[in-house]
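What you see below is based on every heavy atom in this structure, not just the backbone, and it leaves out hydrogens, waters and symmetry mates.
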Amino acid sequence: EDLRLQYNPIQRQEFQDTITAMRQYLEPLLLKIQGGCCKRCELPSDHWDIHHVIYNPKITIKELELLCIYCHKSITNFTRLDYRQSV
């Protein structure tokens with residue numbers, strides 16, 4: 001269930017900060033699960049973004065996927081931050 005509208009922007013930022021803090025662990029795991037390719041276009045990339053499949057604060061690996069920058073931008077209103085570049 002997508003719970004995005006049930007949380008205010010400050011709470012949603014806290015959820016994102018948690019993912020950012022865990023990025024060094026999540027990115028290699030998601031790369032392994034996805035065979036080193038973007039979940040959407042199925043191509044390899046040098047830079048990745050972690051995408052919420054479903055926005056839920058009880059985040060598990062099932063709610064996340066690794067997308068290349070192009071695919072992530074194409075499906076969100078995402079603005080890239082410098083610190084989000086590949087680990």
Side-chain angles (χ1 to χ4, degrees):
E1 181 180 359
D2 192 338
L3 303 174
R4 182 180 307 265
L5 298 178
Q6 295 182 15
Y7 298 94
N8 67 46
I10 293 170
Q11 291 169 313
R12 292 195 310 263
Q13 184 61 50
E14 289 175 8
F15 304 149
Q16 185 59 44
D17 291 345
T18 300
I19 289 177
T20 300
M22 295 179 61
R23 183 180 180 87
Q24 65 181 330
Y25 308 107
L26 291 171
E27 186 174 322
L29 181 59
L30 289 167
L31 273 173
K32 184 176 181 178
I33 291 169
Q34 295 176 201
C37 294
C38 173
K39 186 71 170 185
R40 188 172 173 99
C41 70
E42 300 181 353
L43 296 172
S45 177
D46 292 328
H47 299 287
W48 301 100
D49 285 316
I50 298 173
H51 175 69
H52 294 86
V53 176
I54 297 174
Y55 199 92
N56 186 334
K58 296 180 182 178
I59 299 166
T60 71
I61 201 73
K62 294 177 184 179
E63 282 87 30
L64 301 173
E65 62 187 7
L66 212 53
L67 300 179
C68 67
I69 303 302
Y70 176 79
C71 286
H72 200 207
K73 283 183 178 182
S74 73
I75 62 172
T76 65
N77 61 354
F78 170 74
T79 302
R80 184 164 184 75
L81 300 175
D82 290 340
Y83 68 83
R84 288 189 181 164
Q85 291 195 3
S86 184
V87 180

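Listed here is the closest heavy atom pair of Pro44 and Cys37: N-SG, 4.0 Å. Closest non-hydrogen pair, Gln34 versus Lys39, comes out as NE2-N, 3.3 Å.
The line from CD of Gln13 to OG1 of Thr18 is 10.0 Å long, rounded to the nearest 0.5 Å. Summarising the geometry, atom CG belonging to Leu26 is positioned 6.0 Å from atom CG belonging to Leu64; distances are rounded to the nearest 0.5 Å. The NE2 atom of His47 lies 14.0 Å from the SG atom of Cys38; values are rounded to the nearest 0.5 Å.
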* Asked: Should His52 and Ile19 be marked as a side-chain contact (heavy atoms from CB on, under 4.5 Å) after you check the CA-CA gap, both sets of side-chain angles, and the distance that decides it?
  -> CA-CA 10 Å; His52 294 86; Ile19 289 177; 3.1 Å; yes

* Given side-chain contact (heavy atoms from CB on, under 4.5 Å), test Leu66 with Ile50 step by step and report yes or no. => CA-CA 5 Å; Leu66 212 53; Ile50 298 173; 3.7 Å; yes

* Assess whether side-chain contact (heavy atoms from CB on, under 4.5 Å) is satisfied between Arg40 and Ser74, documenting all intermediate values. => CA-CA 10 Å; Arg40 188 172 173 99; Ser74 73; 4.0 Å; yes

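Residue Leu30 is not grouped with residue Tyr70 when hydrophobic side chains (ILVMFWY) are merged at heavy-atom distances under 4.5 angstrom, including chains of intermediate members. Clustering ILVMFWY residues whenever any of their side-chain heavy atoms sit less than 4.5 angstrom apart, transitively, puts Ile61 in the very cluster that holds Met22.
No more than 12 heavy atoms of other residues, nucleotides or ligands lie within 6.0 Å of CD1 in Ile10, so this atom counts as exposed by the packing criterion.
Within the 3.5 Å criterion, the main-chain N or O of Trp48 finds no donor-acceptor partner in the side chain of Glu27.
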